[in-house]
Amino acid sequence: MTHPATPSSYPPVPLSGPRFQTDPVELYRRIRREHGAVAPVVLDGDVPAWLVLGYRELHQVTSDPVLFSRDSELWNQWDAIPADWPLLPMIGRKQPSILYTVGERHRERAAVISDALEAVDPFALKERAERFADELIDGLCGKGACDIIAEYAMLLPVRVLASIYGFADEQGPALVTALNDMINGQEGALAGQRHLAESMFALLAAKAETPGDDVASRMVANTAGFSVEEVAQDLMVMLAAGHQPTADWIGNSLRLMLTDDRFAASLSGGRHSVGEAMNEVLWEDTPTQNVAGRWASRDTHLGGRRIGQGDLVLLGLAAANSDPHVRADSGALTGGNNAHLSFGHGEHRCPFPAQEVAETIARTGIEVLLDRLPDVDLAVAEDGLTRRPSPWLRGLTALPVTYTPTPALGAFA
């Protein structure tokens, strides 16, 4: 695959670097201005791909799973990809998870996941989220200052998810460490991946012998005929996909409420505007910026571009949400409009029950924090906040805050 020269002769855009950390909105605006709704980009190692920035074009791609397939075996670049390519964990080959399964088999696996998550009692889910949130805040409420990201947002989602999947509460902290090590991609990433896999297979073995009222037991008992390895892979995907974006949803929403004049009354006004802030984040500051990907099953055209068979097409969720054709006034509140593409679209979108679980965890986490620390305030200037320099997931590296120290709830138990 070689990128043709664009009509304006602008070169392909490197999908990396600090621009994704500083001002991705302006970056996507410039890319759209120079290249249009579908832009040529290069990944690490000068690997070519296409980035879909247009809302209509993204809708087209995600609505046609045959033409734009999730089967990574179609990629025309595999011969040029080294074994140590840093994006292999994100763009995998021959992976047995639902992410790369297509057709009827994918629909069957998606139904198993949806059925298992849909059976989660929403009241029990909220109760667990509140309990873990209170435990975390008990550990920091007396200090008068903390980093919301490291000490709260990055710890809460995986604890709740592990609980509803069937893990014992005491296994939660180690799973938090393992999953965050995997996401950080540093020296502990492989060890974290091993711990998660070993824990998941052990969980499934235990649930096959002694089922419980949990997601893992329901997936093991499903009669659709999936192997233990397939179920384990899907549970690991669900845990990873449910944790980091939800953690960033919490962090990004709290940042918005602490820094945006449109939400100035949110903190003193209680919970009524938490949902509005969360929805605004999905439009303006979505945790999942770009998704890899789809592969063209034949030569085609998209957004005025010729897409070759086997070309990699990246889903620019953040760019599509800010497409001026759907958001002419980006400064206006969306008013509860949930037509954003932050959860994807089409056959491979995030399952609706998984969206509900993520929203419950994020909203409960924000509400409990505001209830327990009602005078929380940003401890640094807004321009002092930094983001991870990632084109894939958008989240803060830290969110330092101050508040009046309060006693832990456990002190009254």
Side-chain angles (χ1 to χ4, degrees), residues 65 70 95-132 156-169 171-172 175-176 178-179 182 193 195-247 249 288 343-365:
R70 198 67 174 87
Q95 289 192 9
S97 78
I98 189 174
L99 286 181
Y100 300 98
T101 306
V102 299
E104 184 60 29
R105 191 67 170 170
H106 174 271
R107 287 186 283 274
E108 291 173 350
R109 291 180 81 162
V112 170
I113 291 173
S114 292
D115 290 347
L117 288 174
E118 199 163 16
V120 174
D121 184 330
F123 299 103
L125 173 63
K126 184 173 178 60
E127 184 277 329
R128 293 184 194 198
E130 289 177 342
R131 175 162 55 89
F132 286 124
L156 179 62
V158 64
R159 290 292 304 274
V160 181
L161 291 170
S163 177
I164 67 171
Y165 287 2
F167 287 104
D169 285 353
Q171 294 176 276
L175 288 169
V176 169
L179 198 54
M182 285 175 56
Q193 187 177 43
H195 178 83
L196 179 60
E198 291 167 359
S199 300
M200 199 64 74
F201 278 103
L203 173 68
L204 292 178
K207 296 303 179 180
E209 186 171 328
T210 309
D213 182 16
D214 52 66
V215 172
S217 295
R218 288 189 284 273
M219 291 183 67
V220 168
N222 195 286
T223 58
F226 294 101
S227 67
V228 171
E229 182 181 8
E230 287 175 310
V231 174
Q233 287 287 338
D234 287 352
L235 280 167
M236 286 188 281
V237 166
M238 291 159 59
L239 190 60
H243 167 60
Q244 184 65 61
T246 305
W249 198 4
T288 305
F343 291 112
H345 174 73
E347 189 173 288
H348 289 271
R349 71 189 182 281
C350 177
F352 184 70
Q355 297 177 34
E356 290 187 312
V357 168
E359 182 175 2
T360 297
I361 295 172
R363 182 164 187 153
T364 302

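As the structure is a computational prediction, the values presented were derived from the model and not from experiment.
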(message) Quick one, Met200 with Leu203, criterion side chain to side chain contact (heavy atoms under 4.5 Å, CB included). Give me CA distance, side-chain angles, the key distance, then yes/no.
(response) CA-CA 5 Å; Met200 199 64 74; Leu203 173 68; 4.1 Å; yes

(request) Identify the heavy atoms of Leu156 and Ala129 that sit nearest to each other, and give their distance. (result) CD1-O, 4.0 Å

(message) Is there a side-chain contact between Phe226 and Val112 in this structure, where contact means two heavy atoms from C-beta onward sitting under 4.5 Å apart?
(response) yes

(message) Nearest 0.5 angstrom please: Leu239 CG to Ser199 OG, how far?
(response) 10.0 Å

(request) To the nearest 0.5 angstrom, please state how far the CZ atom of Phe167 sits from the CG atom of Leu235. (result) 7.5 Å

(message) Rounded to the nearest 0.5 Å, what separates atom CG in Leu175 from atom NE2 in His243?
(response) 10.5 Å

(message) Looking at Arg131 and Asp169, is any side-chain nitrogen of the basic one under 4.0 Å from a carboxylate oxygen of the acidic one?
(response) yes

(request) Look at the side chain of Ser114 and the backbone N and O of Ala110, then say whether any donor-acceptor pair between them is shorter than 3.5 Å. (result) yes

(request) Give the minimum heavy-atom separation between His195 and Ala178, together with the two atoms involved. (result) CD2-CB, 3.7 Å

(message) Taking the basic N atoms (NZ, or NE/NH1/NH2) and the acidic carboxylate oxygens, is any pair closer than 4.0 Å for Arg109 and Asp234?
(response) yes

(request) Please round to the nearest 0.5 Å and tell me the distance separating atom CG of Leu161 and atom OG1 of Thr246. (result) 6.5 Å

(message) If I compare all heavy atoms of Lys207 with all of Gly212, which pair ends up nearest, and what's the gap?
(response) CD-N, 4.4 Å

(message) Under 4.0 Å between a side-chain nitrogen and a carboxylate oxygen: does that hold for Arg363 and Glu356?
(response) no

(request) Kindly compute the distance separating CD (Glu230) from CD (Gln233), expressed to the nearest 0.5 Å. (result) 9.0 Å

(request) Before giving the answer on side chain to side chain contact (heavy atoms under 4.5 Å, CB included), spell out for Gln193 and Glu198 the whole-Å C-alpha distance, their side-chain angles and the decisive distance to 0.1 Å. (result) CA-CA 9 Å; Gln193 187 177 43; Glu198 291 167 359; over 6 Å; no

(request) Measure the spacing between CH2 of Trp249 and CD of Glu359 and express it to the nearest 0.5 Å. (result) 4.5 Å

(request) Report the C-alpha separation of Asp213 and Arg218 in whole Å, then their side-chain angles, then the decisive distance to 0.1 Å, and conclude whether the side chain to side chain contact (heavy atoms under 4.5 Å, CB included) test is met. (result) CA-CA 8 Å; Asp213 182 16; Arg218 288 189 284 273; 2.9 Å; yes

(request) For Asp121 and Leu125, run side chain to side chain contact (heavy atoms under 4.5 Å, CB included): C-alpha distance rounded to whole Å, both residues' side-chain angles, the deciding distance at 0.1 Å, then the answer. (result) CA-CA 6 Å; Asp121 184 330; Leu125 173 63; over 6 Å; no

(request) Measure across Leu204 and Ala216 and return the closest heavy-atom pair with its distance rounded to 0.1 Å. (result) CD2-CB, 4.1 Å

(request) State, to 0.1 Å, how close Pro245 and Ala240 come at their nearest heavy-atom pair, and which atoms those are. (result) CD-O, 3.9 Å

(request) Keeping the roles fixed (side chain from Arg128, backbone from Ser163), state whether a donor-acceptor pair exists under 3.5 Å. (result) yes

(request) Side-chain contact test, heavy atoms from C-beta onward, threshold under 4.5 Å: evaluate it for Val215 versus Met238 and give yes or no. (result) yes

(message) How close do Leu117 and Pro353 get, counting heavy atoms only, and between which atoms?
(response) CB-CB, 3.8 Å

